[in-house]
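Here is how names work: the chains are called A, B, and so on, in the same order as the sequence lines, proteins then strands, and each is numbered from 1.
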Number of protein chains: 2
Amino acid sequence: MSTMAMKDEDPRPALSRQRVVHAAIAHADSAGLDALTMRQVAGMLQVAPMALYRHISNRDDLIDAMIDVLFGEIALPLGGTDWKTAMRDRAMSLRDVLARHRWAIGLMESRRRPGPANLRHHDAVIGKLRSAGFDIAMVAHAYSLLDGYIYGFALTKMNIPFNTTDEMAAMAQDMFEPFPANEYPNLAEFVTDHVMKPGYDYGEEFEYGLDLILNGLEGALTA
Amino acid sequence: MSTMAMKDEDPRPALSRQRVVHAAIAHADSAGLDALTMRQVAGMLQVAPMALYRHISNRDDLIDAMIDVLFGEIALPLGGTDWKTAMRDRAMSLRDVLARHRWAIGLMESRRRPGPANLRHHDAVIGKLRSAGFDIAMVAHAYSLLDGYIYGFALTKMNIPFNTTDEMAAMAQDMFEPFPANEYPNLAEFVTDHVMKPGYDYGEEFEYGLDLILNGLEGALTA
DNA sequence: ACCTGAACACCGTTCAAGT
DNA sequence: ACCTGAACACCGTTCAAGT
């Protein structure tokens with residue numbers, strides 16, 4: 001077997017910053033932030049841990065790059081539609097990005113060196129609100145309220161320790177078991193009559209709150 | 001020197017679950033979640049790491065206990081006042097607790113075995129809303145919206161990579177430096193004309209959003 | 001009963017080599 | 001130019017001792 005043939009059969013394409021960043025995102029998506037270690041990312045790519053440092057300067061630099069890829073996945077609020085539709089679509093898109101990349105929720109707004117997709121996203125959102133007649137103080141109100149809600153909902157949903165009605169039922173059992181019966185009657189009623197009902201999905205609450213906020217902002221804008 | 005005198009001079013009181021939990025909270029408050037390691041908490045208490053395992057079963061059990069202490073610090077919405085005042089006070093109190101214990105933001109609603117203070121808090125909030133005329137579906141809307149916003153605002157504020165106007169100015173410099181001038185005009189205007197103005201404090205946005213949400217819920221309740 | 005020390009299987013990152 | 005292996009200073013947790 002010639003060395004030429006050996007090369008053709010080499011299952012490892014050359015490493016690159018792009019390949020490292022995308023492997024890291026895929027790994028964090030499936031295994032979580034705790035599993036996002038240099039050693040595990042290197043394992044995904046079948047290289048020694050230290051090979052990564054040729055392409056990224058350290059773990060924080062890797063996370064910077066991963067977050068900018070995610071900002072690129074958020075649909076930008078474009079020129080055509082009114083501000084309310086644009087902000088609603090952008091909120092739903094950001095919600096979807098955070099659901100796909102749960103590990104990123106606490107990291108999106110924490111970058112000391114935001115990348116181009118990050119800056120472009122914030123520029124587009126602010127521009128859309130400004131051209132709809134929001135003054136700068138009102139932009140600050142609206143952005144803080146919307147993003148507070150979007151990230152907070154994503155955080156709460158991510159951390160909720162159950163996903164299905166069955167899991168909730170099991171957890172409710174464990175939850176009340178150590179305490180006297182009827183010690184927490186309002187919570188018990190809420191859990192049994194609402195959360196444990198078939199078809200309950202916490203995720204569906206998102207749009208109720210989003211629309212309440214958008215309507216409130218509209219009222220403040222026209223006042 | 002007698003062994004009796006040695007005992008009197010021993011600077012280490014006996015370990016207890018309470019002492020471990022409170023030392024861990026104090027350490028996480030000052031050094032952050034990454035520094036909340038068994039070895040560092042043990043160091044605080046001047047014992048060997050393994051001494052902690054006599055009083056807690058593992059790191060997760062320690063965090064469970066820490067979170068329940070924090071729930072105990074939130075002012076309960078009591079009987080006297082109307083629901084809006086009660087929810088506003090409770091939101092401000094939770095905001096303050098999260099500001100004192102920033103490491104806890106992602107952990108408060110993630111416990112598979114919530115402690116008594118946790119359950120008592122949720123029971124009181126739900127009870128207050130129910131007795132004000134919210135039906136169960138509306139309680140779910142209100143709770144999800146309020147807590148989404150409160151936790152999300154705390155998360156964003158915690159992660160924002162600057163605290164003072166000076167830090168923001170330094171960061172703005174670094175932020176736009178790698179890109180062509182006027183590449184992000186809306187963001188640049190927002191930063192220079194609002195965020196970098198003397199007296200700017202992101203934290204002050206909290207009450208604007210909170211009141212907008214409470215007014216929206218009031219409208220939905222009376223409708 | 002309560003605490004300890006060594007050990008195991010992990011981390012991120014530095015450094016000096018290897019090809 | 002690009003990747004590697006050993007090493008260092010850390011983790012949480014198990015186990016067998018120590019007092």
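Residue A/I56 contributes atom CD1, which lies 15 Å from atom C1' of D/dC2 at whole-angstrom precision. Between A/I63 atom CD1 and C/dG12 atom P the separation is 10 Å, expressed in whole Å. One can place CG of A/L45 at 10 Å from P of D/dC3, the figure rounded to the nearest angstrom. Counting to the nearest Å, the C1' atom of C/dA7 and the CE atom of B/M50 are 12 Å from each other. For the pair A/L52 CG and D/dG5 C1', the interatomic distance rounds to 15 Å; values are reported in whole Å.
Taken together, the paired segments of DNA chain D that extend over three or more consecutive Watson-Crick or G-U pairs, each closer than 3.5 Å at both contacts, are C:4-8 with D:12-16, C:12-16 with D:4-8.
Nucleotides of DNA chain D nearest to B/R54 and B/R59 differ in position, and the one nearer the 5' end is that of B/R59.
Relative ring orientation between A/F206 and A/Y149 is described as parallel, the plane-to-plane angle staying below 30° on a 0-90° scale split at 30° and 60°. Under the 30°/60° scheme for interplanar angles, the aromatic rings of A/Y202 and A/F153 are found to lie parallel. Between A/H122 and A/F71, the two ring planes are tilted [angle within 30° to 60°].
Heavy atoms of other residues, nucleotides or ligands lying less than 6.0 angstrom from CZ of B/R95 number more than 12. Within 6.0 Å of the CG atom in A/D34, the count of heavy atoms belonging to other residues, nucleotides or ligands does not exceed 12.
At a cut-off of 3.5 Å, with distance as the only test, a side-chain donor of B/H101 or B/E73 sits close to an acceptor on the other residue.
For D/dT14, neither phosphate oxygen OP1 nor OP2 lies less than 4.0 angstrom from any side-chain nitrogen or oxygen of B/Y53. An OP1 or OP2 oxygen of D/dC2 is reached within less than 4.0 angstrom by no side-chain nitrogen or oxygen of A/H55.
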Please walk me through it: do B/H55 and B/R19 pass side chain to side chain donor-acceptor pair (under 3.5 Å)?
CA-CA 10 Å; B/H55 305 279; B/R19 287 226 311 132; over 6 Å; no
Is there a side-chain contact (heavy atoms from CB on, under 4.5 Å) between A/D174 and B/R112 once you walk through the steps?
CA-CA 9 Å; A/D174 294 352; B/R112 212 171 279 274; over 6 Å; no
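Contact check of residues 29-43 of chain A against DNA chain D (heavy atom, cut-off under 4.0 Å) returns A/R39.
With sequence neighbours left out, the side chain to side chain donor-acceptor pair (under 3.5 Å) criterion links B/R54 to no other residue.
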